[in-house]
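The next block holds one structure in the form of structure tokens; read it before the comments.
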Amino acid sequence: MCGYPKEQHMDIATRPQPFQSKETWDHRDHIKEMPTDAFGDISFTGLGPRVGKYVRVSSDTPSSVLYQLMTEQWGLEVPNLLISVTGGAKNFRMKMRLKNIFRRGLVKAAQTTGAWIITGGSHAGVMKQVGEAVRDFCMGNANKNNKIVTIGIATWGIVHNRNSLISTTGAFPAEYQIDEENQGSLSCLDNNHSHFILVDDGTNGKYGVEILLRAKLEKFISEQTKEKGGVAIKIPIVCVVLEGGPGTLDTIYNAINNSTPCVIVEGSGRVADVIAQVAQLPISKITISLVQEKLRALFPDTFDTFTEHMIVEWTKKIQDIMRNSQLLTIFQADKDDQHDIDVAILQALLKASLSHDQQGHENWDHQLKLAVAWNRVDIARSEIFTDDHQWKPSDLHPVMTAALIGNKPAFVKLFLEHGVRLEEYATQETILNLYNNTDPSCLFHSKLAKIIEDERFRCGLLKTSKLRLHHVSQVLRELLGDFTKHLYPKPKSTERPRLSIAVPHIKINVQKVTLRSFHKRSQGKLSCSMDPIRDLLIWAVVQNRKELCEIFWSQCHDCTAAALGCSKILKELSKEEEDTDTSEDMLALAEEYEQKAIGVFTESYRKDEERALKLLIRVSEAWGQTTCLQLALEAKDMKFVSHGGVQAFLTRVWFGELSVDNELWRVIVCMLFFPLIYTRLLTFRTMIERFEAFFMAPVVIFHLNILAYFGFLLLFAYVLMIDFQPSPSWREHVIYFWLFSLVCEEIRQLIYDPDRFGLLKQASLYINDFWNKLDVCAILIFIGGLICRLIPATFYPGRIILSLDFVIFCLRLMHIFTISKTLGPKIIIVKRMMKDVFFFLFLLAVWVVSFGVAKQAILIHNEIRVDWIFRGVVYHSYMTLFGQIPSYIDGVNFNIEQCTLNGTDPNKQKCPESNKENHQPVFPQWLTVLLLCLYLLFTNILLLNLLIAMFNYTFQQVQEHTDQIWKFQRHYLIEEYHGRPPAPPPFILFNHLHLFIKNVILHEPAGRQKQLKEKLEKNEEAALLSWETYLKENYLQHLQKQMKQSTEHKIRDTSEKVNTVVDMLELDQVKRNGSMENRLIFLEEQALRSAKALNWIVNTLLDNGFGSKESAPVIVSSKILGDIELKDKDETLFSPCHVNARNIHYPDSNVIRFPVPDEKVPWEVEFSIYNPPFYTAVRKDKPFHDPYTDSLETLMKINYNTLDGAVNRQSYCSPYVVQDGLPLNPIGRTGLKGRGSLCWFGPNHALHPIISQWKRNKDGSISRKKSRRVLEILAIKHISSEHWALLGGTLEPGEILPRKLKRILKYRFQETFKELMNKGSEVYKGYVDDPRNTDNAWIETTAVSLHFDREDDPALLEVKQNIQSNDQELSVRWQVVDQKIPLYANHKDILQKVVDCYNAYY
């Protein structure tokens, strides 16, 4: 029955029936499906704000629908692993240490691998343990992105308080209360699970409804493919078992049969301990008596409920479980190598995956993919990179790509440790593939997409353009700056196109490794540039992957330039990044790389100053033909530029050939009296012509220009104030000439292009400089003023314009004095304060205008004079800030003489509103005074103090970095005067004329001093970079040493050591307790055996007449002695028996065999409870077969052990016994009577030809493994089977070749094949351990070997030509012979005999 009360049924269910039906209640017939009325969010009352998801579903809901619900509606990310936790459903006790280990390990396994945990979902037993583990993790982890997905799949009918979950429109959230006191036989949901699937089959109070749906869902999820980080794998599943009862044993048994690895937690109790205690025993020792003994010890309360049949069934299932030991992992907390269960879980999966792949090989590659997908480098180190397998560096390239795309730096380090060379790995295809797989959320990805889309639009293409490296180069040049060259030059149009960005992810498939094949195609290709490590570093930097950047930077050669380049890229990206946190991370990483550049340069400067300065100005081909100094300046790396070594270099450039020790007054004296340069007043760095060296020094050029500029300003001021005549005087003509020289110099700066950027780019760089804008502005205003002053009508406006222009020329002095260490920072402060003033004026204008308009409208009626409107609204309001309060704003100081009534006097303001009779003000004085007070309050007190605070903040900010800012700013002035002609204006025109004749008329190449950029010879550059790399290693070692000596590291190291000592002490205590127990057991066993030996001696003496039985001492009780003898008997009882023929589930049916443990297989062994079911399948596909009935009358007509008509019923083994008209399986019991799906009672004969050849290498030689030759055989696989099999099958009566063999052989070749069979050698003839066998029907086969030594054997070629594999249900292939091949039944045993015949590898 359903278990619900009558009132909860529908009307149709309670309506009287026309007749009484004896039909049994079945949920498939007696319930009606309806749209779910329980779904949404679930919140547990009084247990915190955590909200989960839940849904009520039918028990036959398709797994695909549930999976879609979880991934799409609930938004769960596809897991990398599925952890199915099963065990005791009731509360049980577990040792505190084991409980802590389980909780910590389970959560760690789930959190590090991105797994889903699936349990029964109730607030009891193992489900509660899992929930509490997740709760503890969430409480200690504040990161919301690290939530663990815990899915509870429970039966709806056993959920207490389930009515609170019902809502036809969905509950958001549903308030659920845990009430364990009143739950009775029902169960409450666990509040620590994140999601619930509640399975309903229409029953109430019936447990276990969810088991089938859960099993189907887990199997479905495990068949899905997870694609992430360049790896595509089927989602692995593992079953973790704690405690448990009979249902748990069934779960383990089914999991093992489905090839699901299981982790058994020893010490948790009941079923888990039963399996754990027998796991190390050989199967022959796992007997009924042993299992009975374990059940008595571990199930003391419920042992009496175990029937003999149940104990036999347990024994059989445990034996079958132990036969698949590769799928079973016993977690023992007291072992030294098992501290956490997460390692055991992952080891179990790796052990299972290592068993075999589809080819039967050890699947190391698949293991590594799993470890990469889980991001568990510790597992990879301990379990995969061992001495058992040697990895070739090229084999690691695909997973290296996966680790890079998935941002798993620990694996990248691991692969580098095991021989991966970045120079060989980073081919052009690899780099392009990495850029194709950039994170879509990455800013660089969107910039790439924009570049490609712009190109498609520009070229008028219809399809998506392909990503090429020159697209990457365009974006990088935007980030690095236009002063660099393209890192990846644009290929010619004839080059073959590369990968397309339309393919967003390249996968590594478990069965067919597409990324591996991609790397194989890439082998032999040249690197995409001169520096592959640089390419990987840039790829990591643009995605802000700190750890990967660290790895690649430590590997690169041009490390100083690389660090500064990274800093520049990151700072540019941070400007455009919208996410604030990401932007801050980029800036922090940029600063870190600036520090790296400083660290390496410091090491270099300490060792050798001259070589360090060469590093500073060396042209780096790898970074766009720029220099470290230029990169630092463009990135505004002030700390680097302010470094003592960089400043020493700039000072050297500033002084030119002069010694930097010369004092400034000496230089100025020599400028005024140049013959003194030939005295000892000045010292030079080199012995060159002194006159030229002196006047070519930037410091001299600078001071000459200062003197000349002051002269220009003095003359300009003199003309404006004293000598400004209608007709220009000679002094004014001198100013014109002087200005013309300044214009020529500005033109020279505009068109001077030493780096060959092009005129447009050079013009852009010129205009971007603030002081150049000021110069152009001053010149243009001067020209405007000059035009006006030459026209008599605008003579005076021209003088005004030139006077204002003088102010601009004076402001130009600020740039000149930036070289001063005292004035330079102050000028920078002023510039920054100007920005503050601009924003302040905007706020001030709001108050000024609002107050001015309100005041003007209240006081003045219809003022139409614009100039007085401006004065009243803006000017008077502004001057009020400085204390000049208008007298007319109140009536006390009003004076009619100071204003005009009708506004006719242009020199007086219009009078405010007043009485026409006595001309007294009538406006509301209290209102205007109040407005004035509020205005002054907000402007004078609030806004002005805000401005002061802003100025103070700017001052403090600059003052803290005064030295850095000054050192950084002085470079621009030094660089300007380093490339400036030596003569000051206006004499600079002679230099301009010389340059014009030389470059334009004579077309001589422009010369350039090599102090700020120097291109080295290849040998010199290689030696310099090697030296830099050596110093970089020193710097990294120094950093590591500092980190180890830091207080934080010492505290963390001490904490880890203390935790290790505590764990060791706990482990030692547990081991001591365990050791004591083991010793007691050993002593007990030895005492019993000694008693048995003494008993034997006494009996022997008595039998030989020594003494009487009455006087003989009693050594041990007969009961204990019997137990000992029984154990010894069990140990010697085992004999080889069939295994596949005793699988509990008969294939292709719902029939369950009677459990038959190994010891009960022989017919000779008594098995009183043996009562197997009878099953004979209907075979419509077979024209001939024995009758379906077990009627004795019908069966007596069959002639056994002889040729029965066309049917050969003779056994290859020996004559078999016939009992009650049925033949008995010669090997023993199978747990099933009848003939199952076989056609004949007794032997069903089969034929299996084994066609083999030697496996060949690419050069044609025979492949060898462990010095033995390797065989290949033809194998066949049916679409419905998971195993490959030998060719052949069962024979029809009178046939020579099996029907399955005929299906793959061409018809014309079948006779020829029969002849080949006659020439073959018979290697086996006998019983086949087939899962279709029964007590009364079994398969026997003849295996014939057809081996071909030569690959050009005509018979072999003919076989290959006549094998047809176009049958959709059958697959045929050449299979490498290996012990781990997943072959059907006992075909491996048959294959072993072939291998022995040819002494081949197995």
Side-chain angles (χ1 to χ4, degrees), residues 230 401 404-405 426-506 518 521-522 525-532 534-544 565-566 568-578 586 621-626 634 755-765 768:
T401 301
L404 288 175
I405 295 173
T427 62
Q428 181 171 351
E429 285 81 0
T430 303
I431 298 298
L432 195 54
N433 177 41
L434 290 174
Y435 277 109
N436 268 314
N437 286 277
T438 52
D439 189 348
S441 63
C442 171
L443 175 62
F444 192 83
H445 183 275
S446 60
K447 294 175 79 69
L448 266 183
K450 186 176 182 300
I451 288 285
I452 293 172
E453 184 63 23
D454 291 345
E455 183 181 77
R456 185 184 72 84
F457 180 77
R458 188 172 59 254
C459 301
L461 300 176
L462 297 177
K463 297 182 179 180
T464 304
S465 301
K466 296 177 179 179
L467 176 65
R468 300 187 185 181
L469 286 175
H470 73 269
H471 296 137
V472 178
S473 183
Q474 290 180 46
V475 181
L476 290 177
R477 194 161 186 254
E478 289 179 9
L479 298 174
L480 284 171
D482 292 334
F483 63 93
T484 62
K485 303 296 182 184
H486 282 286
L487 300 187
Y488 309 112
K490 189 172 183 178
K492 298 179 181 179
S493 58
T494 55
E495 287 193 8
R496 176 174 62 87
R498 302 299 181 190
L499 299 177
S500 170
I501 200 171
V503 183
H505 293 289
I506 303 296
F518 163 79
R521 292 196 302 272
S522 302
K525 301 283 186 182
L526 295 175
S527 297
C528 60
S529 70
M530 66 191 73
D531 194 350
R534 175 212 63 181
D535 301 327
L536 293 172
L537 174 62
I538 292 175
W539 175 83
V541 164
V542 297
Q543 295 186 90
N544 197 27
C566 292
K568 169 66 174 171
I569 291 172
L570 288 165
K571 287 183 178 180
E572 292 299 320
L573 286 173
S574 69
K575 295 176 184 177
E576 302 181 44
E577 181 59 54
E578 296 179 356
M586 287 179 172
E621 296 288 342
W623 288 91
Q625 297 184 12
T626 185
E634 292 293 330
D755 296 313
R756 302 184 184 277
F757 289 139
L759 182 60
L760 291 178
K761 176 59 184 173
Q762 190 65 24
S764 175
L765 292 174
N768 287 335

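Computed from a predicted structure; not experimentally measured.
A distance of 11.5 Å separates CG of Asn436 from NZ of Lys466, quoted to the nearest 0.5 Å. Rounded to the nearest 0.5 Å, atoms OH (Tyr488) and CZ (Arg468) are 16.0 Å apart. Separating the CG atom in Leu443 from the NE2 atom in His445 is a distance of 11.5 Å, to the nearest 0.5 Å. Separation of atoms CD (Gln543) and CG (Asp439) is listed at 6.5 Å; rounding is to 0.5 Å. One distance of note links CG of Leu570 with NZ of Lys575; it measures 12.0 Å at 0.5 Å rounding.
Remark: side-chain polar atoms of Glu572 are not paired, donor with acceptor, to backbone N or O of Leu480 under 3.5 angstrom. Panel note: side chain Asn433, backbone Glu429; no donor-acceptor pair is recorded below 3.5 Å. In terms of modelled atom types and a separation under 3.5 Å, the side chain of Ser473 and the main chain of Leu487 share a donor-acceptor contact.
Ion pairing between a basic and an acidic side chain is recognised when a charged N comes within 4.0 Å of a carboxylate O; Lys450 and Glu453 show no such pairing.
Using a 4.5 Å heavy-atom cutoff, the side chains of Glu621 and Lys485 are not in contact. Between Leu536 and Leu434 there is a side-chain heavy-atom pair separated by less than 4.5 Å. Using a 4.5 Å cut-off on side-chain heavy atoms (C-beta onward), Ile451 and Glu478 make contact. Side-chain atoms of Arg477 and Thr484, non-hydrogen and from C-beta on, do get closer than 4.5 Å to each other. Here the side chains of Glu576 and Lys447 are in contact, with some heavy-atom distance below 4.5 Å. Using a 4.5 Å cut-off on side-chain heavy atoms (C-beta onward), Asp535 and Leu469 make no contact. Counting only heavy atoms from C-beta outward, the side chains of Phe483 and Thr626 approach each other to under 4.5 Å. With contacts defined as side-chain heavy-atom distances shorter than 4.5 Å, the pair Glu455/His470 qualifies.
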Applying side chain to side chain contact (heavy atoms under 4.5 Å, CB included), run through Lys571 and Leu479 and close with a yes or a no. CA-CA 9 Å; Lys571 287 183 178 180; Leu479 298 174; over 6 Å; no

For the pair Leu476 and Val542, evaluate side chain to side chain contact (heavy atoms under 4.5 Å, CB included) and give the outcome as yes or no after the intermediate values. CA-CA 9 Å; Leu476 290 177; Val542 297; 4.1 Å; yes

His471/Leu467 under side chain to side chain contact (heavy atoms under 4.5 Å, CB included): CA gap, chis, key distance, verdict: CA-CA 7 Å; His471 296 137; Leu467 176 65; 4.0 Å; yes

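When the options Val541, Ile538, Ile569, Val472 are evaluated for a side chain to side chain contact (heavy atoms under 4.5 Å, CB included) with Phe444, the one that passes is Val472.
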